[in-house]
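This is a predicted model, so every value here is computed, not measured. In listed order, ligands and their atoms are each counted from 1.
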Amino acid sequence: MQWFREAKFGLFIHWGLYAIPAGEWKGKPVPGIGEWIMNRAKIPVGEYEQLATQFNPVKFNAEEWVKMAKDAGMKYVVITSKHHDGFAMYQSAVSKYNVVDATPFKRDVVKELALACAKHGLKFGVYYSQAQDWHEKNGAGNSWDFGPDPQKDFDQYLRDKALPQLKELMSNYGPMCLVWFDTPRMMTKERSQPFIDAIHQMQPACLIDGRLGASGDYRSMGDNVIPGTVVKEDWEVPATLNHTWGFKKDDNDWKTTPDLTFKLVDIVSKGGNYLLNVGPTAEGVIPQPSQDNLRGVGKWLKVNGES
Ligand code: JFZ
């Protein structure tokens, strides 16, 4: 826990195929958060999958993202290695539905970021949606293609995709500081245990967040929720800069730099960590207002001697 307690401030990155529609499907705005568009618009797998053939973020530069995080005073970076849509942002032998094998881009995003973090001295971790996988017939969440969850062979999905993919992430990307699991639908303690065992065995120093389905190494607060008082256990607040996590072109309601700075100080004073999110575009660019905000917080930290 040592590094986590000292880190205090991290960069969350929600990036995937959903950055292409960016909140709009067939010319119509889809309500809700950007990375949920497949679910909110009930897009069939066969149609959504086609986005992969268009994914070509030529402006992606891992080192620039990491340098920005450093300028902000952040100490760790967590990227969506697979969100609920089931698309892996790294090369996976378990499923061809990944950024290297299914896109014209053909580059391993997780690898490039892991290397850039190592080079610039930041900790690196991954978000992995262990339960919801809208691409798989037995994954949780996709009822529009595959029917209700209770009728699925959820254990088949866990055994054949989620757990093997987690092991790939633990094997191929150097030291992981944490795995950020999420929305533990249908995850019992028994179903969570193989994930815990694999992480403990393969990377004993890797932390597990609070949303796996069994108690983790620290508590993940509700999104953007800051507790009123000091909390005894270790905790983290995941938060957006606007309202969405994944890029949405019409979400321009940005928090201000003073507000973000105040929230950071508030959280840190109560013993927590602030994991602030950016949603890069389909071209691989972090929206300018996000960059300006994060660098603005970093400037305050510098002036006030905390960074
Ligand atoms: C989840 C995801 O569904 C979402 O897309 C995003 O990745 C976010 C960081 O996590 O959404 C949640 C999960 C938990 C809570 C709220 C939103 N919660 O506990 O308040």
Side-chain angles (χ1 to χ4, degrees), residues 9-23 25 30-43 48 51 74 76-89 109-110 113 125-136 139-144 149 162 165-166 169 178-187 192 207-228 231 233-248 251 255 260 263 267 272-280 286-287 290:
F9 196 21
L11 181 69
F12 212 177
I13 304 172
H14 275 68
W15 201 32
L17 297 181
Y18 38 80
I20 299 172
W25 196 251
V30 179
I33 44 186
E35 71 282 8
W36 273 71
I37 192 165
M38 182 179 175
N39 182 302
R40 293 300 302 263
K42 304 293 175 241
I43 304 169
Y48 188 87
L51 291 171
M74 292 165 156
Y76 62 116
V77 174
V78 180
I79 186 168
T80 47
S81 64
K82 188 198 84 172
H83 204 267
H84 307 331
D85 64 1
F87 183 76
M89 293 294 280
V109 166
V110 170
L113 258 182
V126 286
Y127 172 110
Y128 187 86
S129 178
Q130 79 283 20
Q132 293 199 71
D133 189 318
W134 305 330
H135 186 257
E136 307 302 323
N142 184 342
S143 56
W144 57 101
D149 287 349
Q165 285 202 325
L166 174 79
L169 290 163
L178 60 83
V179 183
W180 221 96
F181 294 107
D182 202 6
T183 63
R185 296 186 189 179
M186 312 222 283
M187 291 299 292
S192 305
L207 303 182
I208 300 172
D209 79 326
R211 295 183 184 173
L212 171 60
S215 60
D217 294 308
Y218 64 87
R219 202 158 126 206
S220 308
M221 297 303 181
D223 301 339
N224 293 293
V225 173
I226 303 176
V231 178
E233 12 167 13
D234 295 291
W235 55 282
E236 176 185 69
V237 178
T240 53
L241 292 172
N242 45 358
H243 297 279
T244 185
W245 301 86
F247 180 68
K248 236 188 137 173
D251 184 350
K255 295 184 179 80
L260 294 163
K263 286 187 165 99
I267 289 167
N273 284 5
Y274 200 16
L275 185 63
L276 261 185
N277 180 75
V278 295
I286 295 174
S290 300

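The distance between the ring centers of His135 and Tyr48 does not fall below 6.0 angstrom.
Distances between N or O atoms of His14 and those of ligand 1 include at least one value under 3.5 Å. At least one N/O-N/O distance between Glu35 and ligand 1 falls below 3.5 Å. Among the atoms of Asp182, some N or O lies under 3.5 angstrom from an N or O of ligand 1.
With sequence neighbours left out, Asp209 forms a salt bridge (charged side-chain N to carboxylate O under 4.0 Å, His left out) with no residue at all. Looking at residues two or more places apart in sequence or on another chain, you find a ring pair (Phe, Tyr, Trp, His ring centres under 6.0 Å) between Phe181 and Phe195.
For the residue pair Ser129/His84, the side-chain donor-acceptor check at 3.5 Å is satisfied. Side-chain contact, Gln132 with Trp134: a donor N or O sits under 3.5 Å from an acceptor N or O.
Distances from ligand 1 to the non-hydrogen atoms of His83 include at least one value under 4.0 Å.
Among protein heavy atoms, atom 11 (O) of ligand 1 sits closest to Asp223 OD2, 3.7 Å. At the shortest separation from atom 20 (O) of ligand 1 among protein heavy atoms lies Gly222 CA, 3.3 Å.
Selection from Arg211, His84, Met221 by nearest heavy atom to atom 13 (C) of ligand 1 gives Arg211.
Shown in contact with Trp36 at under 4.0 Å from a heavy atom are these atoms of ligand 1, numbered in order with element: 2 (C), 3 (O), 4 (C), 5 (O). Remark: ligand 1 atoms within the under-4.0 Å shell around heavy atoms of Tyr127 are 7 (O).
For the pair Asp223/Trp245, a side-chain contact is recorded, criterion being any heavy-atom separation below 4.5 Å from C-beta on.
Under 4.0 Å from ligand 1, not a single heavy atom of Thr80 appears.
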Dump the intermediate steps for side chain to side chain donor-acceptor pair (under 3.5 Å) on Asp251 and His243, then the final yes or no. CA-CA 7 Å; Asp251 184 350; His243 297 279; 4.8 Å; no
